[in-house]
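Okay, so here's the structure we're looking at.
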Amino acid sequence: MDTFNLPSPLEKIDLSFFHPFNTNLFIKRDDLIHADISGNKWRKLKLNLEKFKQGRYESLLTFGGAYSNHIAATASLGQMMGVPTIGIIRGDELNPQSNDTLKKAAVDGMNLHFVSREEYSWRYEADYKNDLRAKFGNVWIVEEGGANFYGMMGCADIIRELTVQADYIILPAGTGTTTAGVLMAENRAKIIAVPALANGDFLREEIMSLLRYGGLTDEDIDEKNEQLILPTEFAFGGYGKSTTMLIDFMNQVYEESGLKLDQVYSAKAFFALHRLVESGIIESEKTVVSIHTGGLQGNQSIKDKLIFD
Ligand SMILES: *Cc1c(COP(=O)(O)O)cnc(C)c1O
């Protein structure tokens, strides 16, 4: 049985960038939860797996693109826990040999179904979900990226595990599910979610609707909305894109501290943290927890430019 490193470690980190500001910086190492399963993907799948078991479902079905960390994590966890998994993959030109993510998912026993972009766009529709149930049997359906109620609730544990009181908690956002979970947990820290994709302003509404779905009242949601800071200028050109500046930054962080960041998510959040401290938006002398959400798979395409692997 594989072991999970939980609660994930909280490490104090010393980086010269932050010295002039006396920032008291901690990293919540969700990247260390498991070697194959990207940290926050485990958080999002945990309660979905429990639902699966309680409901006596036949398999767990989910959705993703060709390079999805969520698909990789679901396949790997399914293999580990003896849960049959089905992956609906965007792109009917693909096959199980198309790239390393898909190859690994297939080896882990995920039943891969490649669908056209049009069909993929139906993934939130109730009729389509019923079609999937008719085709694949009694399946527990998990939304793309683990973005459902149970995914969100699993992420609240990140905050429950903290042993310091932070003034700010910073993390990257893709679907915003992890951010919603972090907001669900009671904490007086300001939450800074850094969109890893361009024009990330829409995420505020996504996060608030997840919270509404989580049963929060309008009043609570207003409060959470105030608590959330969403800086959208650190996407570096969009999802999966990066620049020399970002890569240099990743190398510098590694050189000074040994911490490995990934270009898709954690490097953008960490870079944002640096800039927000430098510009005084995060004031001097504050305690900050940066959540390392995991997954270095995203560095494949830039591995020649990095001083670590
Ligand atoms: C998927 C992923 C995210 C995005 O999480 P959301 O809950 O979708 O916002 C962040 N970091 C890593 C490493 C991921 O794999």
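Whatever order the structure lists ligands and atoms in, that order sets their numbers, starting from 1.
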Considering only the protein, which heavy-atom contact is closest to atom 11 (N) of ligand 1, and what is its distance? T293 OG1, 2.7 Å
Distance flag, aromatic centroids of F249 and F17, threshold under 6.0 Å: yes
Check: Y120/E144 side-chain N/O donor and acceptor closer than 3.5 Å: yes
Got a donor-acceptor contact below 3.5 angstrom from the K28 side chain to the I159 backbone? no
Heavy-atom proximity to atom 4 (C) of ligand 1, picking from G174, G145, P172, points to G174
Numbering the atoms of ligand 1 from 1, which are under 4.0 Å from a heavy atom of S38? 13 (C), 15 (O)
Can you tell me which residue and heavy atom of the protein come closest to atom 12 (C) of ligand 1, and the distance to 0.1 Å? Y265 CD1, 3.2 Å
Near T178 (heavy-atom distance under 4.0 Å), the atoms of ligand 1 are 5 (O), 6 (P), 7 (O)
for atom 5 (O) of ligand 1, nearest protein heavy atom and its distance come out as N40 ND2, 2.9 Å
Does K12 make a cation-pi contact with F26, if we ask for NZ or CZ under 6.0 Å from the ring centre and within 45° of the axis? yes
Which of the atoms in ligand 1, numbered in the order shown and given with their element, are less than 4.0 Å from a heavy-atom of A173? 9 (O)
Backbone N or O of S266 within a donor-acceptor pair of the D262 side chain at under 3.5 Å? yes
Can you sort out which atoms of ligand 1 are near T175, meaning under 4.0 Å from one of its heavy atoms? 6 (P), 7 (O), 8 (O), 9 (O)
Using the benzene-type ring in the case of Trp, are the ring centres of F136 and H113 under 6.0 Å apart? yes
Would you say the side-chain atoms of E223 pair up with the backbone N or O of D218, donor to acceptor, closer than 3.5 Å? no
Report the part of K41 (side chain from C-beta onward, or backbone N, CA, C, O) that has a heavy atom under 4.0 Å from ligand 1; answer both or neither where that applies. side chain
Could you tell me if the ring centre of F52 sits under 6.0 Å from that of W140? no
Is there a heavy atom in K44 that sits closer than 4.0 Å to ligand 1? yes
Just jot down the ligand 1 atoms closer than 4.0 angstrom to any heavy atom of G294, in number order. 13 (C)
If you count heavy atoms of other groups shown closer than 6.0 angstrom to OH of Y213, is the number above 12? no
Under 4.0 Å, heavy atoms only, figure out whether ligand 1 is touched by the backbone of V264, its side chain, both or neither. neither
Measure N69 to ligand 1 on non-hydrogen atoms and call it side chain, backbone, both or neither using the 4.0 Å cut-off. side chain
